[in-house]
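Along the sequence shown, residues are numbered consecutively beginning with 1.
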Amino acid sequence: MPSVKLQNIWKSFGKTQVLKGINLEVNDGEFMVLLGPSGSGKTTALRTVAGLEEQDAGHVWIGDKLVDDLAPRERNIAMVFQNYALYPHKTVRENIEMPLRAQKISKDVMAESVADVAKRLEISDLLDRYPRQLSGGQQQRVALARALVRRPSAFLLDEPLSNLDAKLRVSARTFLKSLQKEMKITTIYVTHDQAEAMAMADRIALISEGAIQQVGEPERVYFYPDNVFVAGFLGSPSINFFDARLEGHRLTFLGHEFSLKDELDVSGEVTVGIRPEDVSLSSSNDGLQAKVLVVEPLGHEFILTLKIGSWVFKSRIFGRESPAPGENVRVTWDQQAIMVFHQGKRVWPRLEVKHLRAGSTFHGTKPKPLDYVALQHR
């Protein structure tokens, strides 16, 4: 399957600039996820690839072919929308046959193609039913079958799981990922759900206000966010941010001082980010004293809302027991996981670990940026 390339794409609707110089290359056979909040421009970027929107400037390439002047039907692109858009008066078989009939494929080839894609998607026994007789998950598979039967050069999906319930959504994303790997189709998937993006993507492109903020493997963008937006968008609960001050290699926040191993090129006011899973409870007198405000039990874990002085932040702990609201506890955090941002951009950790992937396995060692100095109020 060919690659897809967006080169300096600009797009506006009236006075609203929706895409601002998007540059993105999706590799042959890659599962690329466009992730971002509602209104960020990710769906517009997808529709531009499909030819459903015409860019104001820039170019779209599919493989080595410039497709700017090609109609959607000439781009050999298959697209699945949030609304599956099945024809209610046609059977599943007839819905799947639609793109083949448009191409005037022979009946024998069409029957063989439909049978093959139905078998792959495990809907062979549904071919004579109507959409109203199907569950949401079954309708989703029919929409996928209709898109895949034409053997497209690229597969575009615009939040196709958002209409499914939570349990079915998890199984559907596993199915989609395995199907994509089996068929090796170059895929661009749009979602605002960071859990979907992290679970499914080979790489993630985070988009905000029409601009790409960062592109990389899920582990890369999670552990090494380029800026405050990326750090804050990924993770549930969201990362804790603290105002801090950096002087040389001395970092001060929450009234306590820590030491970086190296002096940074910046100094003064900075932002420290610590993810909730890196904030843990201490059974000794080490750490900072905090008050538990709220406890959220989630079965295998607890989300604690804690307070130190005027600062309120989250901790994610695992186990069967948790402190009670109103209780005072001692908290520590993984010094390796502290992030430092200056003017919104990450300046620490500076060390970039090369991620070597084998399937979905992350190989690598996180850096150790901070040395604990003292937990003494200044």
Distance-only, no hydrogens or angles: does the Asp278 side chain make a donor-acceptor pair with backbone N or O of Ile338 under 3.5 Å? no
Looking only at non-hydrogen atoms, find the nearest pair between Gly36 and Phe233 and report the distance. C-CZ, 3.6 Å
Check: Gln180/Tyr189 side-chain N/O donor and acceptor closer than 3.5 Å: no
Quick one: is the NZ or CZ of Arg141 closer than 6.0 Å to the six-membered ring centre of Phe175, and within 45° of its axis? yes
Do you know which two heavy atoms are closest between Asn27 and Thr186, and how far apart they sit? O-CG2, 3.6 Å
Considering residues, nucleotides and ligands other than Lys181, do more than 12 of their heavy atoms fall under 6.0 Å from its NZ? yes
For Phe241 versus Gly273, what's the shortest heavy-atom pair and its separation? CD2-CA, 4.0 Å
Pair Gln214, Asn227: side-chain N/O donor-acceptor within cut-off below 3.5 Å: no
For Glu112, does the CD atom sit with more than 12 other heavy atoms under 6.0 Å from it, leaving out its own atoms? no
Atom of Ile105, atom of Met110 and distance for their closest heavy-atom approach: CG2-N, 3.9 Å
Applying salt bridge (Lys or Arg N to Asp or Glu O under 4.0 Å), can you list everything that pairs with Asp128, at least two apart in sequence or on another chain? Arg93
Is the CG atom of Asp64 crowded by more than 12 outside heavy atoms at less than 6.0 Å? no
In terms of heavy-atom contacts, does CG of Asp69 have more than 12 from other residues, nucleotides or ligands at under 6.0 Å? no
With rounding to the nearest 0.5 Å, note down the distance linking NE2 in His249 to OG in Ser259. 3.5 Å
Applying a strict under-4.5 Å side-chain criterion to I, L, V, M, F, W and Y, I'd like to know whether Met79 and Ile62 cluster together. yes
For Glu25, is there an ion pair with Arg203 - N to carboxylate O distance below 4.0 angstrom? no
Distance alone, cut at 3.5 Å: any donor-acceptor contact between the side chains of Thr332 and Ser280? yes
If you take all heavy atoms of Ser208 and Phe229, which pair is closest and at what distance? CB-CZ, 3.5 Å
Verify the neighbour count for atom CG of Asp265: are there more than 12 heavy atoms of other residues, nucleotides or ligands below 6.0 Å? no
Identify the two heavy atoms, one from Pro323 and one from Ile317, that lie closest to each other, and give their separation to 0.1 Å. CD-CD1, 4.3 Å
Give a yes or no on whether Gln103 atom CD has more than 12 heavy-atom contacts from other residues, nucleotides or ligands under 6.0 Å away. yes
Mind checking whether Phe318 and His300 have parallel, tilted or perpendicular rings, split at 30° and 60°? tilted
Set of residues satisfying salt bridge (Lys or Arg N to Asp or Glu O under 4.0 Å) with respect to Glu263, sequence neighbours excluded: none
Taken in chain and number order and not counting sequence neighbours, the residues that satisfy side-chain hydrogen bond (donor to acceptor under 3.5 Å, both in side chains) with Arg316 are Glu301
Within 6.0 Å of CD in Glu53, more than 12 heavy atoms from elsewhere: yes
Using 4.0 Å as the upper bound for N to carboxylate O, is an ion pair formed by Arg173 and Asp193? no
